[in-house]
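Quick notes on the structure that follows.
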Amino acid sequence: MIWIQTKEAMRTRDNRLVAEAMEHGAIGFVHVVPKKWTMRDVYEMKIAIAWREEMKTYNIPVVFVSHVPKESEVWAYGHQIERPKLVEWTQIVTGAGKPYQKFTPFYKKAKMYPFHVEEASVTWRVQKEVEIPWEEVDVQLPRWSETITFPLLCEEDVLTYLATIDLSWYADARDEIENEAVTRLSPYLSTGLVTSRTVIAYGLQEEAFVRQLLWREFAHMTAWAQPHVTERPLYEKFQTFPWRDDEVQFTRWCRGETGYPIVDAAMRELWQTGYMHNRLRMITASFLTKHLRIHWRKGMNYFMETLVDADEASNALNWQWVAGVGVDNSPYFRIFNPLEQGKKYAKTGAYIRTWCPEVQDVHQEQNGAIIMHEEARKRALFHYEQWKEHDSNN
């Protein structure tokens with residue numbers, strides 16, 4: 001009897017982990033119930049509950065447990081079988097044979113290789129009843145999750161959705177917040193309901209979109225090559241950067257009470273839905289790390305708790321990029337003006353008014369704003385130059 005970790009494995013297509021396990025005999029799934037719920041935890045739990053119902057057809061148990069003992073032999077992606085990739089990371093390397101540290105050369109070289117196609121799909125079969133050696137736990141979803149509408153829960157529904165996606169306007173409009181040029185596929189990719197290879201197989205191959213799939217691949221390759229990506233800056237000099245520790249301002253950022261309408265709307269939507277447009281992720285992250293000079297790890301961890309599509313590798317690399325501390329990054333001295341960003345990407349103000357109905361002028365700092373933009377910009381640049389000078393002297 002082979003037990004399989006549900007994480008990223010609850011699908012039929014492109015699922016070599018489960019397909020190979022079934023070649024050895026009967027299988028079952030174990031899903032670890034967290035002690036503290038994040039938005040993604042709840043979403044994965046809902047997927048697992050739906051998966052349990054689906055697996056009943058084949059008499060395949062799906063067991064909810066509090067933990068998996070270290071001595072237990074449980075098959076999982078990243079251990080017995082590597083996660084599905086679009087390209088082979090060991091091929092996409094520099095002339096010195098090392099992983100790329102910048103995305104653009106990684107992207108250009110990756111495009112020179114044919115993408116990996118989908119691998120084995122699972123052929124389900126009815127099993128005989130098996131003894132379950134796990135002690136099951138009751139699942140009590142947090143009450144706050146009752147008011148949230150989560151993305152699709154079943155692979156079949158996601159595949160139906162894939163067939164409807166139109167990328168005609170993706171390249172031109174994906175940064176615009178007030179239209180739906182984005183695909184909203186990230187929750188399905190992060191939980192493994194579908195793989196990038198399946199997405200490609202559905203003909204979604206517009207270049208700007210494929211670039212985003214490869215950015216995700218680059219993030220996972222970077223986390224594989226440098227596992228400390230969530231703990232310390234990849235640009236190691238920033239280990240000494242003087243970040244501020246201000247819980248009051250951090251809390252105001254989390255709650256969407258900064259006085260900057262585009263930032264506040266994005267943070268309130270995140271809290272209430274678990275979703276945030278990618279452009280808004282850049283704007284809010286820049287505000288935290290540049291305007292408030294609060295450590296990028298605090299923002300990174302908050303996003304991991306609240307994003308329904310939370311992906312550790314992508315989230316860490318994105319935060320390092322915006323904060324200017326990664327190896328392939330937007331420089332620290334590049335400071336978004338959130339008001340100009342709002343005017344450019346949420347022109348009509350309809351998005352902002354949805355989440356901040358109290359705001360009169362959607363593209364102006366509000367009374368009582370946490371800090372004025374020009375003041376914040378000057379302070380950030382001053383402390384950056386001061387730190388850089390100190391660092392060069394040492």
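Not measured: the values here are computed from a predicted model.
The CD1 atom of Ile2 lies 9.5 Å from the CD atom of Glu20; values are rounded to the nearest 0.5 Å. Between His295 atom NE2 and Arg244 atom CZ the span is 13.5 Å, to the nearest 0.5 Å. For the atom pair NZ of Lys343 and CD of Gln364, the computed distance is 6.0 Å after rounding to the nearest 0.5 Å. To the nearest 0.5 Å, atoms CE (Met304) and CE (Met39) are separated by 13.0 Å.
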Stepwise ring-ring contact (aromatic ring centres under 6.0 Å, His included) test for Phe103 and Trp215: CA-CA 7 Å; Phe103 173 67; Trp215 171 261; 5.2 Å; yes

After noting the C-alpha distance and the side-chain angles of Glu54 and Arg11, does the key distance pass the salt bridge (Lys or Arg N to Asp or Glu O under 4.0 Å) rule? CA-CA 10 Å; Glu54 188 175 340; Arg11 63 177 184 275; over 6 Å; no

Please step through ring-ring contact (aromatic ring centres under 6.0 Å, His included) for the pair His24 and Trp75, ending with a clear verdict. CA-CA 12 Å; His24 295 275; Trp75 281 37; 5.7 Å; yes

Should Tyr188 and Val199 be marked as a side-chain contact (heavy atoms from CB on, under 4.5 Å) after you check the CA-CA gap, both sets of side-chain angles, and the distance that decides it? CA-CA 10 Å; Tyr188 311 128; Val199 171; over 6 Å; no

Run the salt bridge (Lys or Arg N to Asp or Glu O under 4.0 Å) test on Arg197 and Glu119 for me, step by step, so that the C-alpha distance in whole Å, both residues' side-chain angles and the decisive distance to 0.1 Å come before the verdict. CA-CA 9 Å; Arg197 301 190 299 212; Glu119 293 190 17; 3.7 Å; yes

Does the side-chain contact (heavy atoms from CB on, under 4.5 Å) test come out yes or no for Ile370 and Phe287, once each step is laid out? CA-CA 11 Å; Ile370 202 166; Phe287 190 88; 3.6 Å; yes

Pair Leu381, Ile335 - check side-chain contact (heavy atoms from CB on, under 4.5 Å), show working. CA-CA 9 Å; Leu381 292 175; Ile335 301 171; 4.1 Å; yes

Given the rule in the side-chain hydrogen bond (donor to acceptor under 3.5 Å, both in side chains) test, do Asn15 and Tyr77 qualify, once you have shown the distances and angles that lead to the verdict? CA-CA 10 Å; Asn15 198 342; Tyr77 277 114; 2.6 Å; yes

Using the rule given for side-chain contact (heavy atoms from CB on, under 4.5 Å), can you reason through Met45 versus Asp41, listing the C-alpha separation, both sets of side-chain angles and the distance that settles it, and then say yes or no? CA-CA 6 Å; Met45 189 74 243; Asp41 287 334; over 6 Å; no

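Between Leu270 and Tyr302, some side-chain heavy-atom pair lies under the 4.5 Å cut-off. Side-chain contact between Leu162 and Leu185: present, with at least one pair of heavy atoms (C-beta onward) separated by less than 4.5 Å. With a 4.5 Å cut-off on side-chain heavy atoms, Leu189 and Asp311 do not count as touching. Counting heavy atoms from C-beta outward, Trp243 and Val325 have side chains that approach closer than 4.5 Å. Using a 4.5 Å heavy-atom threshold, the side chains of Glu131 and Pro133 count as separate. At a threshold of 4.5 Å between non-hydrogen side-chain atoms, the residues Thr198 and Leu159 count as touching.
Atom CD of Glu236 sits in a sparse spot, with 12 or fewer heavy atoms from other residues, nucleotides or ligands closer than 6.0 Å. Surrounding CD of Glu312 are at most 12 heavy atoms belonging to other residues, nucleotides or ligands under 6.0 Å away. The environment of CD in Gln360 is sparse: at most 12 heavy-atom neighbours from other residues, nucleotides or ligands sit within 6.0 Å.
In summary, Glu155 and Arg13 do not engage in a salt bridge, as defined by a charged side-chain N under 4.0 Å from a carboxylate O. Remark: Glu23 does not engage Arg16 in a salt bridge, criterion side-chain N to carboxylate O under 4.0 Å. Comment: Lys378 does not engage Glu374 in a salt bridge, judged by the lack of any side-chain N to carboxylate O separation of less than 4.0 angstrom. Salt-bridge formation is not detected for the pair Glu340/Arg377: no Lys NZ or Arg NE/NH1/NH2 atom is positioned less than 4.0 Å from an Asp or Glu carboxylate oxygen. Of the charged side-chain nitrogens involved, at least one lies within less than 4.0 Å of a carboxylate oxygen, so that Arg281 and Asp309 count as a salt-bridged pair. Taking a cutoff of 4.0 Å between a charged side-chain nitrogen and a carboxylate oxygen, Glu358 and Arg268 qualify as a salt bridge.
Residues Trp387 and Thr240 bring a donor and an acceptor atom of their side chains to less than 3.5 Å of each other. Under the 3.5 Å distance criterion, with hydrogens and angles disregarded, a donor-acceptor pair is assigned to the side chains of Glu178 and Thr348. Checked by atom type, the side-chain pair Arg83/His220 shows no donor-acceptor distance below 3.5 Å. Between the side chains of Gln5 and Gln80, no donor-acceptor pair of N or O atoms lies under 3.5 Å. At a cut-off of 3.5 Å, with distance as the only test, no side-chain donor of Thr191 or Glu44 sits close to an acceptor on the other residue.
Hydrophobic clustering (ILVMFWY, side-chain heavy atoms < 4.5 Å, transitive): Phe29 and Ile49 are in one cluster. Residues Val62 and Leu153 fall within the same hydrophobic cluster, defined by Ile, Leu, Val, Met, Phe, Trp and Tyr side chains chained together at heavy-atom separations under 4.5 Å.
Judged by distance alone, with hydrogens and angles left aside, the side-chain atoms of Trp319 form no donor-acceptor pair with the main-chain N or O of Thr230 at under 3.5 Å. A donor-acceptor contact shorter than 3.5 Å is absent between the side chain of Asn59 and the backbone of Val126. With hydrogens and angles disregarded, no donor-acceptor distance shorter than 3.5 Å links the side chain of Arg184 to the backbone of Tyr275. Between the side chain of Gln320 and the main chain of Arg232, a donor-acceptor pair closer than 3.5 Å is present. Counting only distance, with no hydrogens or angles, the side chain of Arg125 and the backbone of Met22 share a donor-acceptor pair below 3.5 Å. Although no hydrogens or angles enter the test, the distance criterion places a donor-acceptor pair under 3.5 Å between the side chain of Tyr260 and the main chain of Ile371. Listed for the Thr251 side chain is a donor-acceptor partner under 3.5 Å among the backbone atoms of Glu247. Judged by distance alone, the side chain of Glu206 and the main-chain N or O of Tyr170 form no donor-acceptor pair under 3.5 Å. Judged by distance alone, the side chain of Arg297 and the main-chain N or O of Glu231 form a donor-acceptor pair under 3.5 Å. Formation of a donor-acceptor pair under 3.5 Å by the Arg293 side chain with backbone atoms of His383 is not found in this model.
Geometric assessment of Arg52 against the ring of Phe64 yields a positive cation-pi assignment under the 6.0 Å and 45° thresholds. For the pair Lys109 and Tyr100, the cation does not sit on the ring face, since its NZ or CZ is not both under 6.0 Å from the ring centre and inside 45° of the axis.
The only member of Ile200, Val117, Val210 that meets side chain to side chain contact (heavy atoms under 4.5 Å, CB included) when paired with Leu86 is Ile200.
Val74 belongs to a hydrophobic cluster with Met1, Trp3, Val30, Val32, Val63, Val65, Val68, Val130, Ile132, Trp134, counting contacts under 4.5 Å between side-chain heavy atoms of Ile, Leu, Val, Met, Phe, Trp and Tyr, direct or through other members.
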